[in-house]
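First comes the structure, then the notes that go with it.
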Number of protein chains: 2
Amino acid sequence: MTTVSDRQRTRPAARPSTRADGDQPTVDVPGLQTLMLGRWAALRRRSREIGADPRFAKVEGASMADARERVIGQLKLLVEEAEVLRAFPERLGGSDDAGGNIAGFEELLVADPSLQIKAGVQWGLFGAAILHLGTPEQHDRLLPGAMSIDVPGAFAMTETGHGSDVASIATTATYDEATEEFVLHTPFRAAWKDYLGNAAQHGTAAVVFAQLVTHGVNHGVHAFYTTIRETLPDGSTGAFVAGVGGEDDGLKGGLNGIDNGRLHFDHVRVPRENLLARYGQVAPDGTYTSPIESPGRRFFTMLGSLVQGRVSLDGAAGVASKIALATAVRYGNERRQFSSATGSDETVLLDYGEHQRRLLPLVAQAYAGHFAHDRLLDLFHAVFSGETDTPEAREDLETMAAALKPISTWRALETLQTAREACGGQGFLTENRLVSLRADLDVYVTFEGDNTVLLQLVGKRLLADYAAGFKGIDGVGMARFVVERAADSVLYRTPLSRVAQAIQDRGEVRRSAGHLREEQAQRELLTDRVDTMVADLAAALRPSAKLPREEAAALFNAHQHELIEAARAHADLVQWEAFSKALGDVDDPGTQLVLTWVRDLFGLSVIEKNLAWYLIHGRLSGQRARTVSSYIDRLVARLRPYAQDLVDGFGYGPEHIRATIASGVEKRRQDEAREARRVARASGEEPVSEKSLAKKTL
Amino acid sequence: MTTVSDRQRTRPAARPSTRADGDQPTVDVPGLQTLMLGRWAALRRRSREIGADPRFAKVEGASMADARERVIGQLKLLVEEAEVLRAFPERLGGSDDAGGNIAGFEELLVADPSLQIKAGVQWGLFGAAILHLGTPEQHDRLLPGAMSIDVPGAFAMTETGHGSDVASIATTATYDEATEEFVLHTPFRAAWKDYLGNAAQHGTAAVVFAQLVTHGVNHGVHAFYTTIRETLPDGSTGAFVAGVGGEDDGLKGGLNGIDNGRLHFDHVRVPRENLLARYGQVAPDGTYTSPIESPGRRFFTMLGSLVQGRVSLDGAAGVASKIALATAVRYGNERRQFSSATGSDETVLLDYGEHQRRLLPLVAQAYAGHFAHDRLLDLFHAVFSGETDTPEAREDLETMAAALKPISTWRALETLQTAREACGGQGFLTENRLVSLRADLDVYVTFEGDNTVLLQLVGKRLLADYAAGFKGIDGVGMARFVVERAADSVLYRTPLSRVAQAIQDRGEVRRSAGHLREEQAQRELLTDRVDTMVADLAAALRPSAKLPREEAAALFNAHQHELIEAARAHADLVQWEAFSKALGDVDDPGTQLVLTWVRDLFGLSVIEKNLAWYLIHGRLSGQRARTVSSYIDRLVARLRPYAQDLVDGFGYGPEHIRATIASGVEKRRQDEAREARRVARASGEEPVSEKSLAKKTL
């Protein structure tokens with residue numbers, strides 16, 4: 001598919017900013033936009049219409065109070081005008097459409113990330129907890145208020161003292177047979193619920209996670225529905241009910257349209273029937289029963305049912321990245337600075353080698369992240385629609401979400417920042433939106449699962465899969481730490497290789513890394529790295545089986561960094577495989593060729609970042625390693641004429657991007673300046689430069 | 001100095017969080033704090049007192065209008081209470097103390113970056129332009145108002161259409177002999193002055209940079225002092241004067257205490273004596289004269305005199321990084337999450353391998369940046385005090401500032417972000433300040449010289465120095481693009497190697513990379529990389545001498561990325577050399593040993609980042625390259641017990657850090673929780689866990 005031989009050693013000259021026709025392929029931009037809209041195109045389109053509607057747009061510079069007021073009002077409008085209830089049961093007015101719901105939800109970021117996340121709190125956490133942890137009777141009773149937002153609710157899981165380690169939360173719900181109630185209680189300050197959207201101001205109810213205690217036995221974390229504030233006669237939110245207290249989290253780095261806050265409970269009575277009882281039930285006499293016998297498995301099943309938050313953040317991070325790139329590439333194609341070599345005009349920023357090197361690999365990342373997210377959404381829909389709701393599919397889903405959410409949210413921050421810097425001072429002005437989006441997206445890397453913790457979980461699954469291939473002492477030795485420390489996990493014995501295999505259709509794996517531009521060579525390099533890192537880790541951890549507990553833990557800890565790096569490598573591979581598979585769905589040959597270059601740029605950029613690993617492990621010779629960077633240089637130059645097409649392919653118009661500099665204003669200013677200079681020259685009154693006079697004198 | 005043999009292959013167990021005495025060195029923290037205060041200790045201390053004074057602290061969440069009002073008020077207080085006028089002449093109430101002025105100025109960031117930068121606009125740009133570009137008569141006439149802030153002023157250089165390329169600004173100042181005035185004029189929208197502090201609201205005067213035209217000749221960019229707004233009888237700022245207009249830049253990603261705005265001029269008359277005339281004068285009859293004959297050299301001299309902005313940002317970025325690390329390390333030493341292997345308590349975050357790997361190399365970076373900044377400040381003071389004001393020293397200074405400002409400001413953003421993520425949800429709360437500092441610091445990477453543009457300038461100087469070593473065609477070929485394109489530069493033929501040599505006292509350079517823990521081996525690896533990259537670049541660009549202009553430009557552009565990478569490598573080397581030199585100033589042996597490990601961690605981290613380069617170029621074998629990462633692992637584990645000492649060594653107390661989580665609150669919450677659990681256990685009424693029951697049943 002590619003035309004440049006690996007043997008070509010000289011670098012190409014910088015490409016002109018407009019695409020030469022003739023031999024060059026062309027991108028079918030409308031076709032690409034359709035491809036990118038994917039499976040739930042209509043829902044994405046509708047959600048983008050909302051995103052373009054000024055009533056839903058973020059008001060920059062609003063006070064925290066005004067921003068919160070605006071967003072809660074927008075949520076009410078969403079119920080009327082958008083399709084935000086699709087995930088809920090048809091019999092209650094929803095559509096039983098898990099995948100479509102997420103597809104629409106993640107596009108809400110176009111309007112305002114606060115709006116998106118506040119909607120996520122109400123329907124994706126509070127409502128979804130009732131849906132996934134409650135019984136049908138509880139759905140009928142509790143969902144309508146959550147859906148209509150007559151009952152704004154908080155999802156009260158995290159405590160000040162325990163975030164990632166949910167199993168250790170300290171809030172208790174102790175059953176009282178005498179009254180058939182649970183007594184919800186916060187024992188100390190560290191057990192206050194914290195960072196909860198809807199808690200500081202709007203919430204009248206909450207799903208509170210607490211240790212369920214009955215008959216003197218702690219059955220672990222369960223969810224309880226409880227009222228936290230009065231609903232006033234006009235439907236607005238009143239004061240805390242007796243026994244409930246709280247605090248405002250105050251200003252945050254972003255998302256200030258959301259009223260995050262803290263809650264605490266002083267022996268608050270919760271009726272027995274408000275224990276969300278799908279996975280654990282207490283009879284009137286206090287007898288505990290559960291359809292899942294193992295407490296550990298029960299815990300992970302409950303938490304796993306809430307995976308949609310991570311799935312949707314993977315998609316939302318992609319939306320933000322695309323908006324940022326559409327802004328920076330448009331500006332980079334218009335903004336000029338410093339005289340060009342020909343002297344006729346100044347050079348367009350995107351014609352500078354470094355500018356291309358900074359932006360184009362990010363465009364490739366955005367495409368890779370997009371196609372991987374599409375696969376994640378397919379898997380999510382298969383599980384939650386019931387199409388393929390097996391334990392294995394759930395495990396695959398949870399692992400894939402834990403792998404993709406970290407890399408896409410970190411890359412969104414990288415992309416937003418690089419785009420902002422690529423736009424210079426303009427990038428720092430709020431009117432160009434990049435700084436605003438970055439501030440709002442910041443917390444995506446630590447909420448709904450801290451990125452580092454999630455990657456560690458993925459790493460442990462990789463190890464567990466590897467260990468599963470070895471019976472006997474070795475497997476046991478490794479599995480020990482994987483399983484024992486899995487209490488931090490919402491994942492559970494997930495065969496990681498399945499995730500990659502499901503997307504890749506691997507074919508035969510050759511041991512030699514061929515030409516880097518060949519798909520199979522890239523696959524081989526990326527796959528081999530994951531496999532080798534995991535095998536090396538397993539070997540390094542093998543002695544732990546024979547070590548005292550503390551020393552074994554120290555050994556594991558000494559390898560935590562490699563474990564996380566292995567998970568990152570796996571996530572890169574998943575994205576690359578998804579991109580490669582998506583190329584098969586592209587009908588237009590020109591588009592397919594250009595996207596293949598984009599895929600190559602993504603793959604080679606990942607390899608370049610880890611080049612030292614490939615060299616140290618003898619996977620690439622020094623000579624071949626040099627060609628990685630030079631091939632990237634060639635790809636970047638080859639893709640430069642398509643940069644605008646590629647960001648147009650994301651499908652966001654100026655009504656979604658809403659950055660002044662992405663409106664053509666820069667080009668208009670330059671046209672005016674160019675015309676003014678032309679007139680001045682024509683007038684014959686233009687001053688001569690001292691420098692040119694000096695040359696003449698010499 | 002180090003005690004761990006390179007042959008030791010097993011990894012050490014995680015260190016306890018408190019330092020074991022006995023064989024371990026101890027850090028003399030007060031002594032370290034004194035060392036870090038450096039040459040202008042008293043001025044730094046005074047400035048930190050200001051930073052700890054609530055009257056100067058940033059009010060988070062204030063509206064843009066309130067923030068601006070507060071900061072202009074604080075500026076007036078600074079005049080009375082701080083030593084913000086030290087750079088100005090003694091005869092006008094200053095101290096002629098260039099270095100001390102910057103030392104005090106950069107510490108103002110502790111109070112509020114908006115306050116710092118607004119002070120920088122008033123005294124470091126507006127006032128400094130009068131000081132450095134004006135004559136003594138102009139000093140007497142114009143400085144007092146600038147110093148007292150009776151005349152708030154804008155520094156009107158950047159235009160919407162031209163930022164990095166100052167030489168191409170389009171505003172004109174055309175001399176009119178009839179009235180002995182300049183006519184200041186903005187020809188089109190792209191020539192509006194933009195992003196100027198004090199322009200949107202407070203400024204009554206401006207130093208405006210414009211093309212000076214007299215007798216039909218354009219003598220290039222000069223600075224003109226002009227009134228832009230009326231001063232009302234009460235001393236406050238009134239409306240624009242006739243011919244001047246402007247616009248508010250509005251909200252920004254940070255620094256909203258500064259009223260950035262735009263200005264434009266419609267044939268505004270400026271008296272002849274308000275051309276700042278140190279480097280260029282126009283006689284009443286319109287005759288232009290200058291002490292510097294070459295227009296290019298004159299331009300670079302004028303701009304070079306304003307280098308102090310970059311110098312001070314290098315220091316300010318360091319202050320922000322230190323505050324962030326002090327916060328994250330303190331929290332990482334108190335916050336616990338997930339049960340430890342011994343089961344007795346949860347694990348402190350900083351005992352996790354990955355947490356150490358994320359934070360400790362940043363601590364090492366902060367130290368390296370600190371010592372390099374001290375050297376930069378010495379050089380700055382030597383030049384501007386007149387001690388060593390030679391063209392060579394100025395060139396060295398400008399180059400060193402252009403090298404250090406980019407890496408320290410980018411690292412500040414990296415440090416602030418990593419610290420914020422290391423503090424999880426707490427890091428996102430404004431009360432913990434990390435997000436606020438990050439938002440304010442964001443623009444540091446593109447203002448006062450875009451980082452990428454600055455590094456390119458440094459790269460060109462490296463090439464020019466290299467070329468200067470070769471006479472004849474080769475040198476000419478390279479120098480052609482270096483010099484021709486130097487119009488974007490405030491630097492001028494700077495022998496880069498002098499900068500490194502001045503700090504290093506190199507000694508003999510051996511060709512073999514010895515043990516990585518040896519200072520000389522690190523020096524060799526870092527130095528060799530710079531030298532080799534520059535030589536490779538020179539070779540690659542050699543053909544440009546024989547190519548047509550456009551093709552030669554394309555060749556240069558294709559290597560822009562490597563040019564910038566070479567500059568980055570040079571900056572790393574400068575920091576490493578400064579750190580190594582500073583080790584000689586440490587008297588206490590324990591402190592010196594620990595700081596040597598910190599220096600090693602910095603050096604090895606730089607090498608690790610560029611490991612692929614060392615492998616490809618045969619500088620490290622695969623086997624030795626592996627030891628880089630494992631030696632970093634060992635250094636990180638060895639330094640872990642000193643993490644708190646090292647951030648305490650920065651010398652910032654809680655009154656400067658002002659993050660709730662750095663106040664001990666986390667430890668107090670945990671102590672309370674631990675005691676509550678102890679009481680519960682002692683009561684005998686603690687519920688048993690279902691899990692432990694299940695185990696007993698089996």
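FYI, side chains are in, hydrogens and waters are out, and symmetry mates aren't considered; it's all heavy atoms of this structure. The chains referred to below are lettered A, B, ... by the order of the sequence lines, with proteins before strands, and numbering in each begins at 1.
Contact tally against chain A (heavy-atom pairs below 4.5 Å) for B:A676, B:A673, B:A190: the top residue is B:A673. Interface remark: of the candidates B:R438, B:Q670, B:E431, B:R438 forms the most heavy-atom pairs closer than 4.5 Å to chain A. Here A:G254 is the residue among A:G427, A:G250, A:G254, A:P187 with the most heavy-atom pairs under 4.5 Å with chain B. Counting heavy-atom pairs closer than 4.5 Å to chain B, the top residue among A:N451, A:L429, A:V435 is A:L429. Between chain B and the residues A:L615, A:L611, A:D194, A:V443, the most heavy-atom pairs under 4.5 angstrom are made by A:V443. Between chain A and the options B:S63, B:S168, B:G61, B:G425, heavy-atom pairs under 4.5 Å are most frequent for B:G425. Contact count against chain B (heavy-atom pairs under 4.5 Å) is highest for A:V445 among A:V636, A:T172, A:D450, A:V445. Of the listed residues (A:R677, A:H355, A:E672), the greatest number of heavy-atom pairs within a distance under 4.5 Å of chain B belongs to A:E672. Chain A forms more heavy-atom pairs under 4.5 Å with one residue of B:E675, B:H162, B:E60 than with any other, namely B:H162. In terms of heavy-atom pairs under 4.5 Å with chain B, the best-connected choice from A:H215, A:E685, A:R357 is A:R357. Chosen from B:G163, B:G622, B:P687, the residue pairing most often with chain A at heavy-atom distances under 4.5 Å is B:P687.
Only the side chain of A:T452 comes within contact range of chain B, with at least one heavy atom under 4.5 Å from a heavy atom of that chain. Heavy atoms of A:V213 lying under 4.5 Å from chain B belong exclusively to its side chain. For chain B, the nearby part of A:Y288 is the side chain; its heavy atoms alone come within less than 4.5 Å. With a 4.5 Å cut-off on non-hydrogen atoms, A:L413 touches chain B through its side chain but not through its backbone. Looking at A:E346, the atoms closer than 4.5 Å to chain B (heavy atoms on both sides) all sit in the side chain, from C-beta outward. Only the side chain of A:I564 comes within contact range of chain B, judged by heavy atoms closer than 4.5 Å. Contacts between A:R298 and chain B at a heavy-atom distance below 4.5 Å involve the side chain alone, from C-beta outward. With a threshold of 4.5 angstrom between heavy atoms, A:Q426 approaches chain B through its backbone and through its side chain. Heavy atoms of A:R668 lying under 4.5 Å from chain B are absent altogether. In this structure, the portion of A:A439 lying under 4.5 Å from any heavy atom of chain B is its backbone and not its side chain. Interface remark: A:D249 contributes backbone and side-chain atoms alike to the contact with chain B (heavy atom separation under 4.5 Å). Of the atoms belonging to A:Y195, it is side-chain heavy atoms, and not backbone ones, that fall under 4.5 Å from chain B.
Salt bridge annotation for B:E414-B:R420: absent, with no cationic side-chain nitrogen under 4.0 angstrom from a carboxylate oxygen.
To the nearest 0.5 Å, atoms OG (B:S436) and CG (A:L251) are separated by 9.0 Å. Distance CE/B:M64 to CG/B:L255: 13.0 Å, rounded to 0.5 Å.
A donor-acceptor contact shorter than 3.5 Å links the side chain of B:E159 to the backbone of B:A170. Checked by atom type and distance alone, the side chain of B:N218 never pairs as donor or acceptor with a backbone atom of A:S689 at under 3.5 Å. Although no hydrogens or angles enter the test, the distance criterion places no donor-acceptor pair under 3.5 Å between the side chain of A:Q456 and the main chain of A:L563. At least one donor-acceptor pair closer than 3.5 Å links the side chain of A:N256 to the backbone N or O of A:K252.
Side-chain contact, A:N557 with B:E354: no donor N or O sits under 3.5 Å from an acceptor N or O. Between A:T160 and A:R189, the side chains place a donor N or O and an acceptor N or O closer than 3.5 Å (distance only, hydrogens not considered). Checking A:E562 against A:H559 by side-chain atom types alone, a donor-acceptor pair falls below 3.5 Å. Between the side chains of A:E421 and B:W410, at least one donor N or O lies within less than 3.5 Å of an accepting N or O. Counting only N and O atoms by type, the side chains of A:H219 and A:Q211 include no donor and acceptor under 3.5 Å apart. Neither side chain, A:S630 nor A:D633, offers a donor N or O lying under 3.5 Å from an acceptor on the other.
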Evaluate the criterion side-chain hydrogen bond (donor to acceptor under 3.5 Å, both in side chains) for residue pair B:R433 and B:T660; output intermediate values, then yes/no. CA-CA 9 Å; B:R433 210 179 171 197; B:T660 307; over 6 Å; no
